[in-house]
Amino acid sequence: MQTAKDIRKTFLDFFAANGHEIVPSSPLVPRNDPTLMFTNAGMVQFKNVFTGQEHRPYSRATTSQKCVRAGGKHNDLDNVGYTARHHTFFEMLGNFSFGDYFKDEAIKLAWDLITKEYGLPADKLLVTVHSSDEDAAALWRKIAGLPDEKIIRIPTSDNFWMMGDTGPCGPCSEIFYDHGPSIPGGPPGSPDEDGDRFIEIWNLVFMQYEQLSANERVDLPKPSIDTGMGLERLAAVLQGKHDNYDIDLMRNLIEATAKAAGTDPEGAHKVSHRVIADHLRSACFLIADGVLPSNEGRGYVLRRIMRRAMRHAHLMGCDDPLLYKLVPSLQGEMSDAFPELDRAGALITETLKLEESRFKSMLDRGLKLLEDEAAGLAKGGTLSGDVAFKLYDTYGFPLDLTQDALRARGIAVDTEGFNAAMERQRAEARKAWSGSGEAVTEKVWFELREKVGATEFLGYSAEQAEGQVT
Ligand code: ATP
Ligand code: MG
Ligand code: MG
Ligand code: MG
């Protein structure tokens, strides 16, 4: 079996042998980039190289990049536990050309790697191209010998990749693996494409533009290449599994959880085991990169992830803190590739333990309130915004934790009511302050805080920003 570790190594070695510099993963918190909450793709550390603002001593690079998609343009938090292919933390394997090779060679390298080095059967693969990109379609026919019906033309933004609202971007071509008719879901571009039968494994982005603002796009100095393939998705395919959570690395984490909690990983708590394995990875890697739980910005995303995991531990019947006990297992799986997990080991363990013990009694009491309120609601019902706000304000329940808790029962949350309750409380806080002797300083502080919060959330879509505390 090719383990996740083997697969990462094969990838980097293949591109090194093809003239690429192996560059270490950059941290999850992008340096000097307020447009982005977390590093969400391999290209993030090369953003300024693509735009020509920064020069490197190489024009080809390859990485295995740590990514978190739990906020901003790419947010998979609500997919975890519900699809076979999404994590909040994952590794993106990538190769990059900075004005060196373009489409032709990018397609050739990708096809050789997956069919020859990794040995994937060509007849299980299909690709998409942007519908305006006849070049790419012709190259796939020529290089891979794919028949026309396996080169699917997509007119939507699915085949136009953007890092965020601004930054380098371009049309893309994606490679999908067909897991076979026993799994529901249609091919890309079809009405039922959201199923998990056809799984996207690799995205080849033909970087040609830089988006400067909503309606201003310029050409990059030179056409470039940026690719990204999820290590866990590739591992699933190569290990004969359909589900990312069944690969060696995730399985070992799930089993460690089951052992620590005394639970059956395949029983009633299957989803909770997956969520915990996923959230454990994001929480530990975020802490290792300097994020600490807090009530705003990146720290609040971390807190939301940790608290969601804690609710799942509670569901499994764990009375004692659980997550911190799993740190050694994660280190065993990943610290040879990411030594920061060992370097920050003590900080990670203490942070998890502290947050878990502090949140515990609020979690228990808040869930009791949530139970009582939900008991009166039928499937399809809505929890009032005031209750959601009370859970948030008194018990520290992030809005998305409440939504996640009710989702399995088909109960929604009145988010407008929640936001209104939040706004009322803020207005009262402002009113109370204006009467105090330090009104001016506090007003300035308050405004500054709101402003700084707003900057932090630049990468957010309006809908995600709604649930945020600033
Ligand atoms: P999907 O459509 O499945 O959500 P995507 O189109 O959002 O994926 P890209 O932005 O193209 O993904 O990222 C490049 C690659 O990174 C994907 O082809 C996939 O292999 C991997 N990837 C993306 N998101 C995730 C995730 N949440 N968990 C695991 N792997 C991911
Ligand atoms: Mg996605
Ligand atoms: Mg996609
Ligand atoms: Mg994609």
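In each ligand, atom 1 is the first atom listed, and ligand 1 is the first ligand listed. Values in this document were obtained by computation on a predicted structure and should not be read as measured data.
- For atom 19 (C) of ligand 1, the closest non-hydrogen atom on the protein side is Arg233 NH1, 3.4 Å.
- Relative orientation of the His74 and Trp161 rings is parallel, given thresholds of 30° and 60° on the angle between their planes.
- For ligand 1, the atoms closer than 4.0 angstrom to any heavy atom of Met92 are 13 (O), 14 (C), 16 (O).
- At a 4.0 Å cut-off, not a single heavy atom of Glu232 sits close enough to ligand 1 to count as contact.
- Ligand 1 has no N or O atom lying under 3.5 Å from any N or O atom of Asn244, backbone or side chain.
- For a distance bound of 2.8 Å, the N, O or S atoms of Glu200 include one lying that close to the Mg ion (ligand 3).
- Taking the six-membered ring where the residue is Trp, Phe89 and Phe285 present parallel rings, their angle staying beneath 30° rather than reaching 60°.
- Comparing Glu200, His87, Met229, Met163 by heavy-atom distance to atom 18 (O) of ligand 1, the nearest is Glu200.
- Between Lys124 and Asp178, none of the side-chain N atoms (NZ, or NE/NH1/NH2) sits under 4.0 Å from a carboxylate O, so this pair counts as no salt bridge.
- Set against the non-hydrogen atoms of Asp76, the atoms of ligand 1 under 4.0 Å away are 24 (N), 26 (C), 27 (N).
- The pair Glu333-Arg281 does not meet the salt-bridge criterion, since no charged nitrogen lies less than 4.0 angstrom from a carboxylate oxygen.
- Salt-bridge formation is not detected for the pair Lys259/Glu255: no Lys NZ or Arg NE/NH1/NH2 atom is positioned less than 4.0 Å from an Asp or Glu carboxylate oxygen.
- Distances below 4.0 Å separate heavy atoms of Glu174 from the following atoms of ligand 1: 6 (O), 11 (O).
- Within the listing of ligand 1, atoms 18 (O), 20 (O) sit less than 4.0 angstrom from a heavy atom of Ile201.
- Electrostatic pairing of Arg197 and Asp192 does not count as a salt bridge here, judged by no charged N lying under 4.0 Å from a carboxylate O.
- When the options His86, Met162, Arg69 are ranked by their closest heavy atom to atom 4 (O) of ligand 1, first place goes to His86.
- A salt bridge does not link Glu296 to Arg303: none of the charged nitrogens lies less than 4.0 Å from a carboxylate oxygen.
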